[in-house]
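So you know, we letter chains A, B, ... as the sequences are listed, proteins then strands, and number each from 1.
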Amino acid sequence: MDLNFSAEDVAFREEVRAFIRDHYPAYLHDKIDEGEEMEKQDFLAWHKVLHAKGWIAPAWPVEYGGTGWTATQRYIWSEETARADCVRLMPFGLSMVGPVIYTFGTPEQKAKFLPRILSGEDWWCQGYSEPGSGSDLASLRTRAERFTGEDGKEYYRVNGQKTWTTMAQHADWGFFLVRTDPAAKMQEGISFLLIDMKTPGITVRPIITLGGEHEVNEVWLEDVIVPVENRVFHENKGWTCAKFLLAHERTGIAGVAASKRNVERIKQVARNTADGGDALLANPFFKRKIAELEVDLAALEYTELRTLAGESSGKGPGPESSLLKIKGTEIQQRLTELALEAAGTYGAPYFRSMGEGDNSFAVGPDSARRVAPVYFNMRKTSIYGGSNEIQRNIIAKMVLGL
Amino acid sequence: MDLNFSAEDVAFREEVRAFIRDHYPAYLHDKIDEGEEMEKQDFLAWHKVLHAKGWIAPAWPVEYGGTGWTATQRYIWSEETARADCVRLMPFGLSMVGPVIYTFGTPEQKAKFLPRILSGEDWWCQGYSEPGSGSDLASLRTRAERFTGEDGKEYYRVNGQKTWTTMAQHADWGFFLVRTDPAAKMQEGISFLLIDMKTPGITVRPIITLGGEHEVNEVWLEDVIVPVENRVFHENKGWTCAKFLLAHERTGIAGVAASKRNVERIKQVARNTADGGDALLANPFFKRKIAELEVDLAALEYTELRTLAGESSGKGPGPESSLLKIKGTEIQQRLTELALEAAGTYGAPYFRSMGEGDNSFAVGPDSARRVAPVYFNMRKTSIYGGSNEIQRNIIAKMVLGL
Amino acid sequence: MDFNFTEEQTMLRDMLSRYLADTYDFDTRQKVVREGKGWNPAVWKAFAEELGILGASFSEAHGGLGGGAIENMVLMEEMGRAIVLEPYLSTVVIGGGALKHVGGAVADAVIPGIIAGTTRIAFAAYEPQGRFYLNDLTTTLKGGMLNGQKAVVESAAHATHLLVTARTGGAQRDAGGIALLLIPADAPGITRRDYLTVHGTSASEVYFENVAVGAEHVLRADALPLIEQIVDEATAAVCAEACGVLKVLHAQTLDYAKQRKQFGKAIGDFQVIQHRLVDMFMEVEQAVSMTMMATLKLDTPERSAAASMAKAKVGKAAKFVGQNAVQIHGGIGITQELAVGHYFKRATLIENLFGSVDFHLSRYEGIALAA
Amino acid sequence: MDFNFTEEQTMLRDMLSRYLADTYDFDTRQKVVREGKGWNPAVWKAFAEELGILGASFSEAHGGLGGGAIENMVLMEEMGRAIVLEPYLSTVVIGGGALKHVGGAVADAVIPGIIAGTTRIAFAAYEPQGRFYLNDLTTTLKGGMLNGQKAVVESAAHATHLLVTARTGGAQRDAGGIALLLIPADAPGITRRDYLTVHGTSASEVYFENVAVGAEHVLRADALPLIEQIVDEATAAVCAEACGVLKVLHAQTLDYAKQRKQFGKAIGDFQVIQHRLVDMFMEVEQAVSMTMMATLKLDTPERSAAASMAKAKVGKAAKFVGQNAVQIHGGIGITQELAVGHYFKRATLIENLFGSVDFHLSRYEGIALAA
């Protein structure tokens, strides 16, 4: 038992730092510092740099394009990218459908999709939630009926509606949970389909969230024709892929490295914010909230490290990852609460709706610029990926045997 | 809408203050200040003074011995007794079985029992809980079989076991919930019996709680013979009395006046406790906990006053009183947490168990003397009288319609 | 002691409540927000002329109905229930409140216009560096010239008058040397940058550059105690608004929980959701109690302590009830589509309005908990 | 980075665990508590002779097994699981720790006795006025004479040596001028008032009246940094003890919730109870993580920050898990009859041991969060 990095790990860390310093697109730093929203090409700019280096998918097996790093190296990687405030990569291809495809897909599916995920050529979205099925994912009603086409090949005809589909407006491909056997019980009779978002019959409609963002969408599927070879794993066994993916999603969701970076950001803001003749960071109660956050974040970090150690010694991400999701999102939300509180009076102005996209002037400190929208937006984290109530149900059942 | 006391109320307050000053047994102050536990005769000493004055049962209707005070006067009374740190009166006769008897009892029962409750001649205990039925009170199993005695009169033969019976070791009488119709569904088939604790077949066994106190008991009933005329209200309708009494119990349980007094006590302790070169009350975080307590206590107080105003305008104590129980007990418990924290290192010593009753010497400040036992003991408040979880169930069902 | 409303107060509540139910539904409100002016002048006109509520808290001598803080509480709660945009708080509670305390010719001159709906007042008190501290002022009034900047002045864009705090002497955070001014909003030398708030109202940065201020504009020369008093009154009023907001948040969430089905039953059948709704209910009830307490103590020596206690409790309730209303609604709660999200936004802004929970707890401690 | 225990560490844990399971059941423990001595010398003898665990954290040169802080963590967690009364913390972790840091002749002389079980050390550091501050000392060592009083000294009644902090110069709370002494517990001029603690151990007020202290008793002259270090080590160890206590509290409560029936079903079927047990589980897991972190950082510059972070988190966990274990058990949880209440008592004392949650958060802030 030992927290020290080996000489190899220290060298690796230096290599990573140098790479980021030399290759991270500088203009992204400016955008982040000015509180601007990231757009598709911003995410892709960094994605392509990493792909060129071969570092785009550290968690993947080497045979599919992974880096072969140890758990410690992966930890160092996420630490260093957060420390350097690098833009977060979109998870839908790299962390979600990619692992499903290399775990459950056919050789043809692997050959077709994995390289394009790695290269960033395909932008993916996730068709899971439906208006009637939020936390109760298995109650989904989107239907896929199998039929033989005029060309003699097998197809599905998909009808239904998905919602909360993040970034679907940019997506080339989507992975969808659909019901292939309507007679089967809830979790049975579901299949996992890969659907080309340009297929006729797909309509994407924006949902505008409280902060004014267009992140999520409704996706309507009307007689959408999908070749059977785009189904991953067995027909009616899509729930296996879904569960696998949900557990994967929960691990990444802890977001320790990003939260560490955000704690530093809040401290800097509190240092520069006046509070009755002193800095806000000197206010004992504001300082205490930061200290408590740091304590809770350390607890999350070392719990994640223990989980990773368990995984690298053979156990896959288990239901314990629900803990990481719950505590990780609580911390992310508390950070936005602190940012809003630090902004004080200047938390109220809202620039987005002065006129679409009119960011041409702002008032108050830059740090206050988007604190309220971000606070509102981040309420989603305790809802998505299985709400925090659902995560507690999972722990109760799977870990505690209740 | 107005918070001011009328001239009559102000005069009444002066009268109350003068009475307490002149008639409250001085030796009780010393006992409380020295952190000694109250014994039966201590409670009775103050009880008898109040009975002589006619002020023993302010909440009772005048015809049964009440004072005829307005809601405001009753509020003043509880404020002033708490302010003067008067010992709390035992509720089992005055607040619990008394109101049941004058509401549901026969003229004979009223004539026999009420005067002796007022005078303090009878000490009562409550036989509700059973080992198998904690929060689920209606699942009680103590049986009462009816039979005709050799004297031609009707009797019940009672068999079963009660638990958590507070002060049963001193009790002359107990009020018991017993099952008179074992075939009936849960809440039906229960009757409300008054039982002379000297009846053969009753065994009282102490339960020692974490702080070392002997407050509660197991009560075993083995072929205990009870005349039918000691049943209050109809046979198999005792649940009506039980519900009435539980709502009554919840109102008193808020304990606002006593908590106010205890906040003052904690402040005094914090003023006199050193903390790194200053008083503990100057520690911003300890002070903040006191401030938050005071805020929450004010919220409880004004919520109780609104409830009382509602009651005096005709509504009885409703399910809203569950709020008073939950918040009142939370505050009582937080007060004991603060006392323990203030004691610091001196929270650890435990004098009671050095040898039974050996209080002959103590270490550390007087204020720290029994903080740990009191803290442990007060955990009961969120469990008894319907646990705080049950109170939330009640509000969910009765107020929110869930 | 008496916790009942008078018949007049009940009628006042019912009148505004009916009006808002009839004309101020969610879609109509959102249309006004999208138009981007931050208020609807027609509603203000109706408040003044059709309902006559703008005079509720003024004396009959000024043409009002003879009410006071309780009337403001009643009206503000109803406005919270409909997340009303119009500037009752700044014009009537704050501006009107200041004039009532000052009295005399200026009150006689200005109050009738407030009641008639033609005079609207914005409160230009907080400054960019000053956070929630009313005494932390760099705006100066020297030699009859006003210079400085005020931060996030609600409704300045449609105000006829500005109620301004300015330093006439002393250092930046001294208690003495602060004047309270009432000046025309269009006085030469005043410029604004207007923007919308998260709530949908309009606010402005207000800049003073050599604005000429005559003696007749000075409501009070050594004004911090008065400023504290009117902000305590405003704090009680915003607590009442919060009660309206939170009652709706709770009611809508309760409704939703009864209807929304997951795993084959209403989510309101899940005990965890039930207890959450109970905890929200208790927070709302206690917020109501504290608001009454603070309102009823406004004319007593306990005024400031009570206002800060109430705001601390209401601020916590706003966060707890708002966040959980969204959480129980799930994804739909954070879209622009449902009203619940907009009530949540208002509740969130109220948390920091006139000071955060921590600010008010510290203020309470300063008053009541000296070591 | 590596979070695995060595084979030796796992064997050590298993050995103590088996011994305690066989000989230290709850009834046996309570019998020792009722006897009122606060410990069982036979158990101590077994620790030394039968199990040999008292040497686990000492170097082989001193006759130990060559372990250190991780071995202490492993053993302390097991002792927490059985709420062991015997003075491993004060004798081995604190006393032994001080001697290891000081080294030299005194270490060579005293450590073998610790390992053999014949030398037992009590830590006489805190004072009645000093709360949790190790530098707040009125006990003085002047002209070779020790005078003063120490508060709540655990296990002093059965110690052979006292590890004493005393002021040799400076004012009451100065960092400088503090010496660390190791003196015989029966030195002339030492008197005690012994009592039991809530946990069932023995503690004492220790009074020094002109106790002669020679140079050979002074472990270090300017000792506050060393004292802070050994208390950080003790803090990490008591966090490990807490992990054992909390794991048992959670396990017993989970068991009870599965068995206890109310309203026709197990109370563990109620979602509110389920989520409470999940929250307890998460607190325990995080307490374990923080304990490992603090233990592994004891020899790094982050030592004090990590120890205070861990103690703050563990202190909160102790309160949350302890209170809810009792709450879920209901009335039976606050009787002397069930073990759960006694684990709750230990968890409660640990909250304040070596400083409360607030104390450690403030200490952390002082180290890591200067404005």
Regarding [X] and [Y], do their side chains bring together a donor and an acceptor under 3.5 Å, going by distance alone?
| X | Y | result |
| --- | --- | --- |
| C:Tyr126 | C:Asp136 | no |
| C:Glu205 | A:Tyr346 | yes |
| A:Arg271 | A:Gln268 | yes |
| A:Gln333 | A:Thr381 | yes |
| C:Lys150 | C:Ser204 | no |
| A:Glu215 | A:Thr209 | no |

Identify which of [options] forms the greatest number of heavy-atom pairs closer than 4.5 Å to chain C.
| options | result |
| --- | --- |
| A:Phe285, A:Phe286, A:Trp164 | A:Trp164 |
| A:Asn388, A:Leu210, A:Leu340 | A:Leu210 |
| A:Gly364, A:Ala274, A:Ser139, A:Pro349 | A:Pro349 |
| A:Thr163, A:Leu280, A:Thr273 | A:Leu280 |
| A:Ala138, A:Gly277, A:Ala372, A:Gly347 | A:Gly277 |

Please classify the contact of [X] with chain C as side chain, backbone, both or neither, using a heavy-atom distance under 4.5 Å.
| X | answer |
| --- | --- |
| A:Ser129 | neither |
| A:Pro131 | backbone |
| A:Ile390 | side chain |

Relative to chain A, which of [options] shows the most heavy atom pairs under 4.5 Å?
| options | value |
| --- | --- |
| C:Ile334, C:Leu361, C:Asn352 | C:Ile334 |
| C:Phe132, C:Phe344, C:Phe263, C:Tyr133 | C:Phe263 |
| C:Gln129, C:Lys345, C:Glu351 | C:Lys345 |
| C:Ile332, C:Ile267, C:Val357 | C:Ile332 |
| C:His199, C:Lys319, C:His329 | C:Lys319 |
| C:Gln323, C:Lys261, C:His342, C:Arg260 | C:Gln323 |

Which region of [X], side chain (C-beta onward) or backbone (N, CA, C, O), has a non-hydrogen atom less than 4.5 Å from a non-hydrogen atom of chain A, or is it both or neither?
| X | value |
| --- | --- |
| C:Thr201 | neither |
| C:Gln336 | both |
| C:Leu353 | neither |
| C:Ala151 | both |
| C:Glu127 | neither |
| C:Glu154 | neither |

>> Quick check: closest heavy atoms across C:Leu277 and C:Ala257, and the distance to 0.1 Å?
In response: CD1-CB, 3.9 Å
>> Tell me the closest heavy-atom pair linking A:Ala342 and C:Arg131, and the distance in Å.
In response: O-NH1, 2.7 Å
> Would the A:Phe92 and A:Phe175 ring centres measure less than 6.0 Å apart?
Replying inline: no
>> Checking A:Glu337 against A:Lys289 for the salt bridge (charged side-chain N to carboxylate O under 4.0 Å, His left out) test, could you report, in this order, the C-alpha distance in whole Å, the side-chain angles of both residues, the deciding distance, and whether it holds?
In response: CA-CA 10 Å; A:Glu337 290 174 20; A:Lys289 287 179 200 168; over 6 Å; no
> Under a 4.5 Å cut-off applied to non-hydrogen side-chain atoms, are C:Asp279 and C:Arg276 in contact?
Replying inline: no
> With a 4.0 Å cut-off, would you call A:Glu213 and A:Lys380 a salt bridge?
Replying inline: no
